[in-house]
Amino acid sequence: MSLSGAEYVKQIRSQVDEVDPAEVRELLDEGVVIVDVREQEEWDQGHLPGAVHIPRSYLESRIDGVAPDRDQRVILYCASGQRSALGAHTLSRELGFDRAESMNGGFTLWKDRGYPFDLPRKFTPEQRQRYSRHFLLPEVGQEGQQKLLDAKVLLLGAGGLGSPTALYLAAAGVGTLGIVDDDVVDVSNLQRQIIHTTDRVGMPKGESAKMSIAALNPDVEVRKYALRLDASNIVEVIKDYDVVVDGVDNFPTRYLLNDASVRLRIPVVSAAILGFEGQLSVFAPYDGPCYRCLFRQPPPAELAPSCGANGVLGVLPGTMGLLQATEVIKLVIGHGEPLIGRLLIYDALAATTTELRVRRDPDCPICSRPPETISDEEMGVFPDYEAFCAAAG
């Protein structure tokens, strides 16, 4: 004798573990994975704080992105508890989740009891189209896109590294991009600095970059800083940003940025290029090493790009800049494994990458002590620059 639809759902619900909304409320801050399996229009009307949205029809294909460990506790909910029970049954019986549960009564009972819920940002129809591919990624989704739109990212330089980084962060919807650059566009820049164009030769790079970003994504606010960073202004410039992208070409500014970012506890996504080789790392203060842990003293002067005219393969800054943009997005949305404590070296000629582990230096003059003890006078202390560059011959 075949079952009716209602009888089948009742049978399934008897086979899965159901949890009361009161218990789920107590678990909101415990790191338990809570999955909303309702449709998009239901999610838009409100959802549990911290919940991840995976519509029921995508549950099997996307659950590994939010719950890779089959032993971890996963609580599903829908409007009333039927779809979530079916989903929990599939996870436990077919996919091997040992602790897949369904919230009894669903979001309806949650609201009836007056429990708190979040209302997601209302995206415009144009934004829904623009960021549609992000919405399809469970690691990004609407929540991640909201984080990107709320993020403030500062780029030091609108040159070879800054150009691709700025363009892709703008395309991704990073809401505020600051650009520090006091230079003007030169014809020789155009071989690699793709944010600029031939008709803008002689224009300030910050203004040229703003024009390109505005044409790409009107959601992005661009803040221009036509100045050179020094110990007197760096804290004021970087203090309101969530992440700093290091695309500078000289060691004094790198050391200055390191010391200021450690003092303010702001992560820095740093890259360097020379010839056919690029390097990339993420310096997250007190979560990993800082730049001085990696380079207590600057590398040999002959390897310092700012000490003279050095060639660079035009596409190399694009490769490294895109990797920088990727690291920034991971930091903002809180997914993935940023290059904290790791140095990635890319050889374009050999098409190889090498990864080196970098540990915090317990004797580091900057990050080995509390940030509030770093004084203005200490920030950016660096060997005499003219003498340093003279060593390059």
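Since we're looking at a predicted model, the values are computed, not measured. All heavy atoms count here, side chains included; hydrogens, waters and symmetry mates do not.
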- Message: Are there over 12 heavy-atom neighbours, none belonging to Tyr286, within less than 6.0 Å of that residue's OH?
- Response: yes
- Message: Using the rule side chain to side chain contact (heavy atoms under 4.5 Å, CB included), only one of Asp246, Val245, Val328 pairs with Leu155; which is it?
- Response: Val245
- How are the rings of His47 and Trp43 set to each other: parallel, tilted or perpendicular (split at 30° and 60°)? parallel
- Query: Is there a side-chain contact (heavy atoms from CB on, under 4.5 Å) between Leu156 and Val244 once you walk through the steps?
  - Reply: CA-CA 7 Å; Leu156 302 191; Val244 176; 3.9 Å; yes
- Verify same cluster id: Leu280, Leu313 (apolar side-chain graph, 4.5 Å): yes
- Should the pair Lys330-Glu139 be classified as a salt bridge under the 4.0 Å nitrogen-to-oxygen rule? no
- When you check the gap from the basic side-chain N to the acidic O, do Asp259 and Arg292 get nearer than 4.0 Å? yes
- Message: Just checking Glu143: does its CD atom have more than 12 heavy atoms from other residues, nucleotides or ligands closer to it than 6.0 angstrom?
- Response: no
- Query: Which residue, Val312, Val315, Leu161, forms the side chain to side chain contact (heavy atoms under 4.5 Å, CB included) with Arg192?
  - Reply: Val312
- Query: Should we count CZ of Arg369 as having more than 12 external heavy atoms under 6.0 Å?
  - Reply: yes
- Taking the side chain as every heavy atom from C-beta outward, state whether Asp118 and Leu48 have any atom pair closer than 4.5 Å. no
- Task: Report, as yes or no, whether the 6.0 Å neighbourhood of atom CD on Gln129 holds more than 12 heavy atoms from other residues, nucleotides or ligands.
- Result: no
- Heavy-atom pair of closest approach, residues Cys78 and Arg83: SG-N, 3.4 Å
- Query: Is there any salt bridge (charged side-chain N to carboxylate O under 4.0 Å, His left out) pair reaching into residues 63-82, and which pairs are they, with sequence neighbours excluded?
  - Reply: Glu23-Arg73, Asp64-Arg70, Arg73-Glu101
- So which pairs with a foot in residues 147-161 pass side chain to side chain donor-acceptor pair (under 3.5 Å), sequence neighbours left out? Arg121-Asp150
- Query: Under 6.0 Å from the CD atom of Glu236, do we count more than 12 heavy atoms belonging to anything else shown?
  - Reply: no
- Message: Using 0.5 Å steps for rounding, measure from the CZ atom of Arg357 to the CG atom of Leu343.
- Response: 11.5 Å
- For Ile238 and Ala260, work out which heavy atoms get closest and say how close. CD1-CB, 3.9 Å
- Side-chain touch Ile266/Phe283, heavy atoms, less than 4.5 angstrom: no
- Applying the 4.5 Å side-chain criterion to the ILVMFWY set and letting contacts propagate, would Leu190 and Met211 be lumped into a single cluster? no
- Message: What I'd like to find out is whether the side chain of Lys122 reaches to under 4.5 Å of the side chain of Asp44, using heavy atoms alone.
- Response: yes
- Message: Please confirm whether the ring centroid of Phe117 lies under 6.0 Å from the ring centroid of Phe107.
- Response: yes
- Task: Starting at CD1 of Ile234, measure out to CZ of Arg228 and round the result to the nearest 0.5 Å.
- Result: 13.5 Å
- Message: Is the shortest side-chain heavy-atom distance between Cys293 and Arg359 below 4.5 Å?
- Response: no
- ILVMFWY cluster membership beyond Val184 - transitive side-chain contacts under 4.5 angstrom: none
- Message: Once ring-ring contact (aromatic ring centres under 6.0 Å, His included) is applied, what residue pairs with a partner in residues 126-167 remain, sequence neighbours excluded?
- Response: Phe123-Phe135
- Could you verify whether a donor N or O on one side chain and an acceptor N or O on the other, from His89 and Gln15, lie under 3.5 Å apart? yes
- dist Gln82:CD -> Ser102:OG (nearest 0.5 Å) comes out at 10.0 Å
- Does any non-hydrogen side-chain atom of Gln40 lie less than 4.5 Å from one of Gln142? yes
- Query: Got Glu18 and Met103 here, is their nearest side-chain heavy-atom distance under 4.5 Å?
  - Reply: no
- Are Val180 and Val237 side-chain neighbours, meaning at least one heavy-atom pair lies under 4.5 Å? yes
- Query: Between Arg200 and Asp186, is there a side-chain N and carboxylate O pair less than 4.0 Å apart?
  - Reply: no
- Decide whether Ser4 and Glu7 meet the rule of one side-chain donor and one side-chain acceptor closer than 3.5 Å. yes
- Message: When you group the ILVMFWY residues by side-chain heavy-atom contacts below 4.5 Å and let the links chain together, are Val185 and Val222 in the same group?
- Response: no
- Note on the structure: In short, side chain to side chain donor-acceptor pair (under 3.5 Å) pairs touching residues 163-179 with sequence neighbours left out are none
- Please walk me through it: do Tyr291 and Val268 pass side-chain contact (heavy atoms from CB on, under 4.5 Å)? CA-CA 9 Å; Tyr291 188 78; Val268 175; over 6 Å; no
- Asp230 CG to Asn233 CG distance, which is reported to the nearest 0.5 Å: 4.0 Å
- Query: Should Tyr255 and Phe295 count as side-chain neighbours, where that means a heavy-atom distance under 4.5 Å?
  - Reply: yes
- Item | Value rounded to 0.5 Å, distance of CG in Leu349 from CG in Leu316 | 9.5 Å
- Task: Inspect the contact between Glu207 and Lys210 and indicate whether a charged nitrogen and a carboxylate oxygen are less than 4.0 angstrom apart.
- Result: no
- State whether the number of non-hydrogen atoms from other residues, nucleotides or ligands found under 6.0 Å of Glu337 atom CD is greater than 12. no
- Check which hydrophobic residues are tied to Phe97 through side-chain heavy-atom contacts below 4.5 Å, counting indirect links as well, and list them. Val33, Val35, Val37, Val52, Ile54, Tyr58, Leu59, Ile63, Val66, Val74, Leu76, Leu91, Leu95
- Message: For the CG atom on Asp199, are there more than 12 heavy atoms of other groups (residues, nucleotides or ligands in this structure) within a distance under 6.0 Å?
- Response: yes
- Query: Does Arg265 pair with Asp242 as a salt bridge, N-O distance under 4.0 Å?
  - Reply: no
- Message: Quick check: is Ile194 connected to Ile273 through a chain of hydrophobic side chains (ILVMFWY, heavy atoms under 4.5 Å apart)?
- Response: yes
- Query: Leu167 and Leu216: side-chain contact (heavy atoms from CB on, under 4.5 Å), yes or no, with the steps?
  - Reply: CA-CA 8 Å; Leu167 287 173; Leu216 179 62; 4.2 Å; yes
- Query: According to a 4.5 Å side-chain heavy-atom criterion applied to Ile, Leu, Val, Met, Phe, Trp and Tyr, with indirect links allowed, do Val201 and Met203 form part of one hydrophobic cluster?
  - Reply: no
- Reported CG-to-CG distance for the pair Leu331 and Leu339, which is rounded to 0.5 angstrom: 9.5 Å
- Item | Minimum-distance pair of heavy atoms, taken over all atoms of Arg296 and Asp363 | NH2-O, 3.0 Å
- Report yes or no: do Glu378 and Ser375 form a side-chain donor-acceptor pair below 3.5 Å? yes
- Could you go through the side-chain contact (heavy atoms from CB on, under 4.5 Å) check for Leu136 and Arg62 one step at a time? CA-CA 10 Å; Leu136 293 173; Arg62 296 184 181 176; 3.7 Å; yes
